[in-house]
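Data first, discussion second: the structure below is written as structure tokens.
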Amino acid sequence: MSTLSTLNTADRYAGDRAAAVTRLFDRLSGVYDTALVQSVMYRPPQDEIIAELGRRRARRIADVGCGTGILATRIWSELPVEVVYGCDASEGMLAQARARTDAVTWLLARSEKLPLPDDSLDAVVSSHAFHFFDQPAALTEFHRVLAPGGCVIVVIVNPRTRFGSRMTSLSTGRAGHFPDERSMRRLMLDAGFATVDQRRVRRGSVGVLSPDLVTVAQVAP
Ligand SMILES: C[S@@+](CC[C@H](N)C(=O)[O-])C[C@H]1O[C@@H](n2cnc3c(N)ncnc32)[C@H](O)[C@@H]1O
């Protein structure tokens, strides 16, 4: 089993809010993989990410905020990859991920400080976790670990208005921040990405009220 523990104490508890999010997912980790939650909430965006990785022929991939590891494991088993890392700040979520497979390298790590070398990846993906990150810091970090021409693929819930965004943030106890489409584009460009492509993902009837946004940004070749 390839598990690397990379957080020091200061990293783990950097900020009350981040620590609260981590505690929440430690508690949720046992019930997170129910079929209903997975099929309604997470499967459609994961399908979209896998299709995009396949089109781009990415071989070295990190899933950041990987949770219980469903997406990282699917990437490993469905695509012709060299290496897949699953990174998460919650030990509870990673424990579920480790039980799933040891083909993925599971890393206890925050999005803002990944234990990976510069220019070492073809793609960084993140599904339904980015709203918890320190977003500028995380994107700067993703840019650092991506090789020239590499890409980041981020899926978030996509409130259509700033008001909707504030309301959605309240649903996560103010721990989450949901940028709208334009703000996501700005964040990517500010972090140094050269191109940004965006589209929505349908999630059946749930998606009407709470659609997902996929943002794909590329490092200059
Ligand atoms: C809603 S879950 C999504 C998990 C998974 N991506 C999925 O689609 O099922 C959000 C995950 O993000 C993780 N997380 C939150 N903030 C993080 C951070 N700053 N760095 C790494 N992981 C973080 C949580 O521990 C949790 O496992």
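Predicted, not measured: the structure shown is a model, and the values here were computed from it. Order of listing sets the numbers, starting from 1, for every ligand and every atom in it.
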Report, in ascending order of atom number, the atoms of ligand 1 lying under 4.0 Å from any heavy atom of Val21. 15 (C)

Closer than 4.0 angstrom: is that true for some heavy atom of Leu71 and an atom of ligand 1? no

For Pro45, is there any backbone N or O sitting under 3.5 Å from a side-chain donor or acceptor partner on Asp212? no

Output yes when the distance from some N or O of ligand 1 to some N or O of Asp88 is under 3.5 Å, and no in every other case. yes

Give the numbers and elements of all ligand 1 atoms closer than 4.0 Å to a heavy atom of Ser90. 25 (O)

Using 4.0 Å as the upper bound for N to carboxylate O, is an ion pair formed by Glu91 and Arg98? no

Is it true that Cys66 lies under 4.0 Å from ligand 1, counting heavy atoms only? yes

Does Cys87 come within less than 4.0 Å of ligand 1, judged by its heavy atoms? no

Of the non-hydrogen atoms in Val84 and Ala72, which two are nearest, and what is the gap between them? CG1-O, 3.8 Å

Do any N or O atoms from the side chain of His143 and from the backbone of Gly192 form a donor-acceptor pair under 3.5 angstrom? yes

I need the atoms of ligand 1 closer than 4.0 Å to a non-hydrogen atom of Gln46, numbered in the order shown. 8 (O)

Applying side-chain contact (heavy atoms from CB on, under 4.5 Å), can you list everything that pairs with Leu79, at least two apart in sequence or on another chain? Ile50, Leu53, Ile75, Val81

Here the atoms of ligand 1 under 4.0 Å from any heavy atom belonging to Glu112 are 19 (N)

Heavy-atom distances under 4.0 Å are what count here, so tell me which part of Ala18 touches ligand 1: side chain, backbone, both or neither. neither

Polar atom proximity, Gly65 to ligand 1 (N or O, under 3.5 Å): yes

Within a distance under 4.0 Å of any heavy atom of His128, pick out the atoms of ligand 1 and give their elements. 1 (C), 2 (S), 3 (C), 10 (C)

salt_bridge(Glu181, Arg185) N-O dist < 4.0 Å: no

Has ligand 1 got any nitrogen or oxygen that is less than 3.5 angstrom from a nitrogen or oxygen of Ser127? yes

Heavy-atom donor-acceptor pair, Gln218 side chain to Gly150 backbone, under 3.5 Å: no

Output the list of atoms in ligand 1 that are nearer than 4.0 Å to some heavy atom of Gly67, sorted by atom number. 4 (C), 27 (O)

Using a 4.0 Å heavy-atom cut-off, which part of Arg110 comes near ligand 1: side chain, backbone, both, or neither? both

If only side-chain N and O atoms count, and only distance matters, is there a donor-acceptor pair under 3.5 Å linking Arg110 with Thr22? yes

Atoms in ligand 1 with a heavy atom of Ala109 nearer than 4.0 Å: 21 (C)

Quick one: do the Ser127 and Gln46 side chains pair a donor with an acceptor below 3.5 Å? no

In ligand 1, the atoms that come under 4.0 Å of a heavy atom of Ala89 are 21 (C), 22 (N)

With the threshold set at 4.0 Å, does a side-chain nitrogen-carboxylate oxygen contact exist between Asp122 and Arg59? no

